[in-house]
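Chain naming here is simple, since letters A, B, ... match the order of the sequence lines and numbering starts at 1 in each.
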Number of protein chains: 2
Amino acid sequence: MAKVDRIRIYDVARIAGVSVATASKALNDTGRMTEATRTRVKQTAAALGFRPNAMARALTRQRSFTIGLLTNDTYGRFTLPVMAGINEALVDQGVSVFLCGIEDDATLAKVHVDAMLDKQVDGIIATGKRIDRRLPVDLADLPVPVVYAFTEGPADAVTLVSDDAQGARAATECLLALGRRRLVHVTGPEDFASVAARAAAFRQAAGSAAPVLFGAWSEAWGHEAVSRLWSEGPVPDAIFCGNDQIARGVVDALRERGVAVPADVSVVGFDNWEIVSAATRPPLTTVDMNLKELGREAGRLILELAEGKPVEPGIRTLPCKLVVRQSCGSKTLAAIQGEGTLQEV
Amino acid sequence: MAKVDRIRIYDVARIAGVSVATASKALNDTGRMTEATRTRVKQTAAALGFRPNAMARALTRQRSFTIGLLTNDTYGRFTLPVMAGINEALVDQGVSVFLCGIEDDATLAKVHVDAMLDKQVDGIIATGKRIDRRLPVDLADLPVPVVYAFTEGPADAVTLVSDDAQGARAATECLLALGRRRLVHVTGPEDFASVAARAAAFRQAAGSAAPVLFGAWSEAWGHEAVSRLWSEGPVPDAIFCGNDQIARGVVDALRERGVAVPADVSVVGFDNWEIVSAATRPPLTTVDMNLKELGREAGRLILELAEGKPVEPGIRTLPCKLVVRQSCGSKTLAAIQGEGTLQEV
DNA sequence: CTGAAAGCGCTAACAA
DNA sequence: TTGTTAGCGCTTTCAG
């Protein structure tokens with residue numbers, strides 16, 4: 001821990017033989033001066049390894065180059081990809097991200113938000129695990145801009161969501177393109193907005209008579225759904241699942257039942273949570289919500305807002321893409337990929 | 001976005017009828033003054049909703065109440081629990097955490113570290129997914145303290161690791177306590193330090209002849225190990241796995257083979273990654289590395305270092321605890337829990 | 001016990 | 001083209 005004092009712009013100025021003001025302008029490419037002076041200052045700065053003190057700079061510029069990311073997604077399944085995208089969009093702008101997880105605890109959330117505001121964040125990105133649930137804290141009247149990603153915000157806010165309907169449609173059409181005709185949708189709890197959206201899109205593509213089974217977001221529900229389907233009526237030849245965990249449960253249950261996937265039944269999941277989708281046997285074809293891109297977009301938007309640029313409020317929908325692996329059957333792989341990927345709405 | 005100007009200490013002072021200096025001292029519980037003045041200032045501050053500008057404060061105090069968390073664990077499987085612990089330890093001290101993920105990219109890592117230093121972080125916690133791998137960046141001569149958690153640092157650094165040996169011993173002893181005698185350890189790649197440590201502890205407890213199978217950190221390897229074990233020699237009655245994914249693969253393979261878990265074979269995992277361990281049928285008994293506690297400890301330590309308190313360098317080992325679910329058999333549950341939990345080394 | 005004044009490191013008017 | 005002078009909002013000597 002070398003306690004060598006950081007060199008300040010003052011040192012750079014002195015050694016370059018200019019005033020502090022000139023040094024500042026030279027380094028920030030502002031003001032007017034001979035190219036010679038500017039390069040000389042820049043060179044001495046580089047030689048000295050000068051790095052401006054971001055706090056001091058923030059104090060005058062009223063901009064901290066810091067943003068806050070608030071999330072209530074404990075597992076990080078949604079947050080981490082989003083975070084990666086945000087960082088990607090912001091790192092070369094020199095913006096750093098405060099991450100704080102709040103587990104649906106309103107008091108804790110307020111503490112964190114206050115701490116962020118105290119630290120003069122330029123903006124806050126709120127993210128969660130459900131599009132139709134708000135974080136337990138009101139971000140509406142903050143003195144900094146807010147972008148909502150994957151969580152519900154006020155009507156006049158800037159909100160980013162992935163396109164559940166388009167994703168579900170892509171999955172369903174893929175199954176139809178494979179020649180499947182008896183499609184079933186096994187999904188999560190009925191009161192989730194995304195469940196409703198996906199189910200509606202599924203029915204629209206597969207026919208309004210196509211069965212939809214609502215349940216839990218778990219492997220166990222996938223198992224149960226299969227045993228229900230196989231004990232009741234005409235068995236399906238394709239199952240589109242509401243998430244990868246359900247899909248994994250379905251695939252496992254089918255295997256145990258001696259039903260071949262994808263030969264007898266095609267299965268498609270949702271989320272592309274690789275730890276689940278890639279470990280399933282066979283690996284899952286699944287809908288990827290492009291969360292990293294969503295994060296990138298959130299980063300871009302919060303930056304524009306922070307810079308005072310106008311950003312149209314409202315809900316921005318980002319397309320999902322179908323990731324084709326083996327669980328759907330791949331006879332017409334080429335055809336599917338042509339249809340299923342990155343379809344604009 | 002209410003653009004109402006934040007009130008400054010100047011406003012508080014004016015309204016309370018004191019000078020800025022007095023206000024500052026009153027609010028920070030420093031200096032000397034009548035209790036009356038102090039309370040009056042505090043009350044007006046509270047009434048006005050005054051929140052000090054952390055940047056301005058940092059500038060004078062040379063302390064930003066901000067730390068950086070550096071990680072190369074993309075999935076967040078280790079980082080997120082650690083992060084939760086860190087936050088828990090720091091939030092009431094008003095410390096916020098910059099998170100940045102660097103995917104083994106040295107350049108990116110340097111950019112992030114520099115950005116953190118520019119922002120005057122009070123310290124950096126480095127964390128990874130392997131105890132025996134360094135992050136792709138040298139943190140040794142930074143002007144701020146560094147704590148290593150779950151990643152290798154220089155010999156004279158402050159490092160936190162979980163106690164692999166004790167965890168493995170707890171697992172093995174649990175299996176022995178259940179009356180199992182033909183134990184096998186199925187684990188990850190041999191060149192991982194934690195693999196070696198766990199294997200050694202396993203052999204020490206189970207007998208030096210007890211077989212250890214090295215492979216990959218995957219479900220697939222769990223499957224393969226079972227087929228190898230059941231085709232080769234005397235079948236085991238207990239399998240201790242190097243992580244939960246392997247364990248899940250093992251349990252699935254056994255079920256497919258008609259071997260009952262835990263009736264015929266007891267299985268224990270490692271990590272307690274709930275998304276895997278709880279979804280396994282039956283749910284996994286597994287070793288929990290107490291990562292949250294590790295994070296808490298890291299937070300405490302970095303804080304002490306930041307405050308200039310002396311901290312003994314060296315490796316600090318935190319105990320694991322055995323989480324008993326169903327995959328090990330629970331006849332002697334009480335006995336096991338007595339032995340297996342939070343054993344100090 | 002209280003307040004005036006001098007910074008923290010940097011940026012930005014305004015002069016020169 | 002460059003430098004002087006004020007701050008940003010807060011803390012902290014040091015006089016009063």
Side-chain angles (χ1 to χ4, degrees), chain A residues 4-42 44-45 48-66 94 115 117-122 143 307, chain B residues 4-42 44-45 48-66 94 115 117-122 143 307:
Chain A
V4 51
D5 283 327
R6 264 179 93 116
I7 45 176
R8 298 141 302 162
I9 197 171
Y10 170 84
D11 303 309
V12 177
R14 185 168 40 77
I15 294 179
V18 293
S19 76
V20 178
T22 309
S24 170
K25 278 178 277 187
L27 295 170
N28 292 303
D29 283 321
T30 56
R32 246 191 262 295
M33 68 192 66
T34 52
E35 227 12 77
T37 319
R38 201 181 288 278
T39 27
R40 180 160 41 90
V41 173
K42 282 188 174 174
T44 47
L48 294 170
F50 167 71
R51 311 228 80 214
N53 181 323
M55 302 244 134
R57 180 190 290 218
L59 205 55
T60 44
R61 295 233 293 214
Q62 302 290 32
R63 190 125 152 44
S64 67
F65 288 87
T66 276
L117 293 177
D118 290 352
K119 282 171 183 130
Q120 312 293 115
V121 291
D122 297 331
E307 284 163 1
Chain B
V4 50
D5 285 326
R6 267 179 93 115
I7 44 175
R8 297 142 304 163
I9 198 172
Y10 170 83
D11 304 309
V12 177
R14 186 168 40 76
I15 294 177
V18 294
S19 75
V20 177
T22 308
S24 171
K25 278 179 277 189
L27 294 171
N28 291 303
D29 283 319
T30 56
R32 251 190 257 295
M33 70 192 64
T34 51
E35 230 9 80
T37 318
R38 204 182 287 279
T39 22
R40 181 158 41 90
V41 173
K42 282 187 173 173
T44 48
L48 294 170
F50 167 71
R51 311 228 80 214
N53 180 323
M55 299 247 139
R57 181 191 289 222
L59 206 54
T60 46
R61 296 236 288 216
Q62 303 290 32
R63 189 127 150 46
S64 66
F65 288 87
T66 275
L117 293 177
D118 291 351
K119 281 169 185 134
Q120 312 294 115
V121 291
D122 297 331
E307 284 163 2

Inset, instruction - In whole angstrom, give the distance that lies between atom NZ of B:K119 and atom C1' of C:dC10. - result: 15 Å

Inset, instruction - Of all the heavy-atom pairs spanning B:D29 and B:K42, show the shortest one and how long it is. - result: OD1-NZ, 3.0 Å

Legend entry - A:D118 side chain near B:F65 side chain, heavy-atom distance below 4.5 Å: no

Inset, instruction - May I ask you to say what B:V20 touches in the nucleic acid, namely base, sugar-phosphate or nothing, with a heavy-atom cut-off under 4.0 Å? - result: base

Inset, instruction - Report the distance from atom NZ of B:K25 to atom P of D:dC14, rounded to the nearest whole Å. - result: 13 Å

Inset, instruction - Starting at atom CZ of A:R32, determine the distance to atom P of C:dA12, rounded to an integer number of angstrom. - result: 15 Å

Legend entry - Whole-Å distance separating the CE atom of A:M33 from the P atom of C:dT11: 12 Å

Inset, instruction - Return the minimal non-hydrogen interatomic distance between B:L48 and B:I7, and the atom names on each side. - result: O-CD1, 2.8 Å

Inset, instruction - Let me know the distance between CG of A:D118 and P of D:dC10, rounded to the nearest Å. - result: 10 Å

Legend entry - Residues forming a salt bridge (charged side-chain N to carboxylate O under 4.0 Å, His left out) with A:R40, sequence neighbours excluded: none

Inset, instruction - Grab the two heavy atoms, one from B:S64 and one from B:Q120, that are nearest each other, plus how far apart they are. - result: OG-O, 2.6 Å

Legend entry - Whole-Å distance separating the CZ atom of A:R63 from the P atom of C:dA12: 12 Å

Taking N or O atoms only and anything under 3.5 Å, show me the protein contacts with nucleotides 6-9 of chain C, one pair per line.
| residue | atom | partner | partner atom | Å |
| --- | --- | --- | --- | --- |
| C:dG9 | N2 | A:A56 | O | 3.2 |

Legend entry - Length of the CG-C1' vector between A:L27 and C:dA12, whole Å: 15 Å

Legend entry - A:R6 with A:D11: basic N within carboxylate O range, under 4.0 Å: no

Legend entry - B:D29 CG to C:dC1 C1', straight-line distance once rounded to whole Å: 16 Å

Legend entry - Any B:T37 side-chain nitrogen or oxygen under 4.0 Å from OP1 or OP2 of C:dC1: no

Legend entry - Phosphate OP1/OP2 of C:dT2: any B:S19 side-chain N/O under 4.0 Å: no

Legend entry - Flag side-chain contact, heavy atom, 4.5 Å: B:K119 against B:T66: no

Inset, instruction - Using a heavy-atom cut-off of under 4.0 Å over every strand shown, decide if B:T34 touches base, sugar-phosphate, or nothing. - result: sugar-phosphate

